Protein chains: 2
Amino acid sequence: MAVSIKEIAKAAGVSTATVSRVINNSPKLSQKTRDKVLKIMKEMNYVPNSLARGLSNQKALNVALLINIEEPSSFHNPFFYEVMHGIETAVYKRGLSLIIASSRGEDKQEIVEWLMNEKRMQGIIIPSSLADGKLLNLLRKRKFPFVVIGKFEEGIKPVSWVDINNQQGGEQAVAHLIQNGYERIALICGGMDKVFNLDRLEGYKRALARHQMPMEPNWIVETDGSKNQAYSAMKALLQSDNCPNAVICGDNILSFGVMKAAQEMEVSIPKDLGLVSFDNYPLATLVEPSLTSIHIDVFQMGEMAANSLLALIDNPDASQQQMLISTAVEVRESSIRRT
Amino acid sequence: MAVSIKEIAKAAGVSTATVSRVINNSPKLSQKTRDKVLKIMKEMNYVPNSLARGLSNQKALNVALLINIEEPSSFHNPFFYEVMHGIETAVYKRGLSLIIASSRGEDKQEIVEWLMNEKRMQGIIIPSSLADGKLLNLLRKRKFPFVVIGKFEEGIKPVSWVDINNQQGGEQAVAHLIQNGYERIALICGGMDKVFNLDRLEGYKRALARHQMPMEPNWIVETDGSKNQAYSAMKALLQSDNCPNAVICGDNILSFGVMKAAQEMEVSIPKDLGLVSFDNYPLATLVEPSLTSIHIDVFQMGEMAANSLLALIDNPDASQQQMLISTAVEVRESSIRRT
DNA sequence: CACAATAATGTAAACGGTTGCACTAGTTTG
DNA sequence: CAAACTAGTGCAACCGTTTACATTATTGTG
């Protein structure tokens, strides 16, 4: 049995209340007793029992992150790891732990309700891909703090979210290509049902406008996100008489399709075709040529989401916050013509 | 404030002790009262407070998984996600939650000690890459249950671990290639300081022996795990006069190097060179040709690790268990000669 | 120097469960 | 039919904190 507050109290010749005040560094305490108690605590290597504190405070000890094994898209990727680290880093500073709420298919509610009912968490972070009205209303009804990772707009009710600044990413991709001498820039992206694709497209358009470059409608290709469709799209583009000399891909998977098409058509990247890809996965460095990518600070995304959540926990009536995280161009081979 | 055991007791006209017995379905209870109490619990939608239970039972509510952001290797990959799901699935069945213990660089002890001291976890799962003597001794000294993910052998003290059956994987890779008409099979793998590489090598050797095929020492190449070294190694192999017609890669990254070499030398995969890769990452389906891979059931690995840990928690004196998970060949293009 | 104001500490009741022990009522047993 | 069990239930202490309120010690004021 570990040493408890009582034993510290006895050893220090004070009451447990005083020890508790030391733990919570309450201001109304003489420096003398504080020091004495602290010394004893150290000597007996006392650590307060979190369960008892939680019970007494009526506060859960954790913050949860919802994940879903049947969601192979956005989060099912190497970055996920860093998001977790970001969240954990932020909540740890507050003495909280990160717990994983692993949902299976449709059963998101089940685990979330369990965690709420059992008082296992103070708040929850939800990837936008898993945020639907049903779940969010459940949380709202219970006035339970939550933050969405990924831009999220649902009706009129404001929601706190943190996202990558995809629009900025789109602009940077275009600007980078222009700077490197490409002036006929296409965009191949995933489905426009995803907000981040819309944002990337928007950034693309803006940058073209800003640089006073014409926008060819058929240079903007929406795909289902598969390598195959990207392949076909790129092939079609290369065969058209109005052929682009650079392309921006919505993610690394699409880039694979583009590279395959280029190879088949004997179009050299980066000589004849510049390529910039979103999603700076580790594998962007592995392919030939390595992919210039729009880098995304996922760790920071996790940290900010957590901090946003903590703010909501501190003050449930605080206004919902929306935050965007800056992107950056990670320059590699696919967009630099060898001189 | 949520409904507590007292209110249930009052509503049911019994004592809190009885309600508690219902919750823990103690055997000494008449069916009649049990039903009555259960009914009331349902009606008032009562859920026991986990913190109070934990405090009373002297049991933490969680099991932890240690991760490290500065560990880009084995776990920093898409599979990690599934390991977590596996662990969570198993511990959830026991009413426990999975918490993430995120360590930064050298400071593994810090977070682990914190979680132990604060009674936040009942046991911990540690990737073998993070398991060192210092950490393990800390855990052992406190008689704290832990399980390692990945084969782990340290001195004489037995440790519970769960790993992929890498040896089997090596054998399967060879057998598959032989079956498909390749008979000059090389192996390019990562550093032999990693046990799993040794195991894969061992499986390779065994399979060759079983099929009575000669083993060429220079067909076994150890690399540092980088794409570049795999590239050079493959190039050298292809240029040698004793050139293999198939190769097994220790992971997907090495495969990239191999594919680059093959392409440069105008050696066609799978026609002139069969390729089987370990690590069935999603991207194995993306490259051209798609990679025949040794598939690994990572979800199961998580589940088994968790179950092993739970067994240790139930009975700290139980013997340490070591478990291997079967691999399987996922056949794709890179190892099947088109007829 | 008496008295009020203030600062420092203690007392004891929560928080929401669990459980050893005592008790009651019904069932065996000799 | 009394004694000995047994099954079912309640009482109350306990798990390790926090905190409102009461109490005591210290300081400042006229």
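Chain letters run A, B, ... following the sequence lines, proteins first and then strands; every chain starts at 1. Values in this document were obtained by computation on a predicted structure and should not be read as measured data.
The backbone N or O of S103(A) lies less than 3.5 Å from no partner atom in the side chain of D107(A), so there is not a single donor-acceptor pair. Looking only at distances, no side-chain donor or acceptor of N62(A) sits under 3.5 Å from a matching main-chain atom of M121(A).
Evaluation of the ring pair (Phe, Tyr, Trp, His ring centres under 6.0 Å) test over residues 130-153 of chain B, restricted to residues two or more places apart or in two chains, returns none.
Sorted by residue number, the members of residues 9-20 of chain A with any non-hydrogen atom under 4.0 Å from DNA chain D read A17(A), S20(A).
Regarding I23(A), its CD1 atom lies at a distance of 9 Å from the C1' atom of dG16(D), rounded to whole Å. Rounded to an integer number of Å, the gap from NZ of K59(A) to P of dT19(D) is 8 Å. The nearest whole Å value for the distance from the CG atom in L61(B) to the C1' atom in dG17(C) is 12 Å. Straight-line distance from the OH atom of Y46(B) to the C1' atom of dG16(C): 7 Å, rounded to whole Å. Protein atom CG of N49(A) is 13 Å distant from nucleotide atom C1' of dC15(C), rounded to whole Å. Regarding I5(B), its CD1 atom lies at a distance of 18 Å from the P atom of dC15(D), rounded to whole Å. Counting to the nearest Å, the P atom of dT17(D) and the NZ atom of K119(B) are 9 Å from each other. Here dG16(D) presents its P atom at 15 Å from CG of N117(B), a figure rounded to the nearest Å.
Distance from the side chain of S30(B) is smallest to dG8(D) among dT19(C), dG8(D), dA14(C). With dG17(C), dA8(C), dT18(D) as the candidates, the nucleotide lying closest to the side chain of N57(A) is dT18(D). The side chain of R21(B) sits closest to dT9(D) out of dT9(D), dT9(C), dG17(C). Residue N24(A) has its side chain nearest to dT18(D) when only dG17(C), dT18(D), dT17(D) are considered.
V47(A) comes within 4.0 angstrom of sugar-phosphate atoms only, judged by non-hydrogen atoms across all strands, and of no base. Contacts of L29(A) with the nucleic acid, taken as non-hydrogen atoms under 4.0 Å apart, involve only primed sugar atoms and P, OP1 or OP2.
By the 4.0 Å N-to-carboxylate-O rule, K143(A) lies too far from D317(A) to be salt-bridged with it. Taking the charged nitrogens against the carboxylate oxygens, R104(B) and E88(A) do have a contact shorter than 4.0 Å, which makes a salt bridge.
Across the interface with DNA chain D, nearest-nucleotide mapping of L55(B) and K28(B) shows K28(B) to be the residue nearer the 5′ end.
Residue Q31(B) has no polar side-chain atom (N or O) positioned under 4.0 Å from OP1 or OP2 of dG8(D). Phosphate proximity of dT9(D) to T33(B): present, with a side-chain N or O under 4.0 Å from OP1 or OP2. The side chain of Q58(A) contributes no N or O atom lying less than 4.0 Å from OP1 or OP2 of dA14(C).
Inter-residue side-chain proximity for I100(B) and M84(B) is flagged as met; some heavy-atom pair is nearer than 4.5 Å. In this structure, I125(A) and I149(A) have side chains that are in contact, with non-hydrogen atoms separated by less than 4.5 Å.
For S4(A) and dG16(D), a side-chain-to-base donor-acceptor distance below 3.5 Å is absent, hydrogens and geometry of angles not being considered.
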Test N307(B) against E303(B) for side chain to side chain donor-acceptor pair (under 3.5 Å), laying out the working first.
CA-CA 6 Å; N307(B) 286 328; E303(B) 260 189 321; 5.6 Å; no

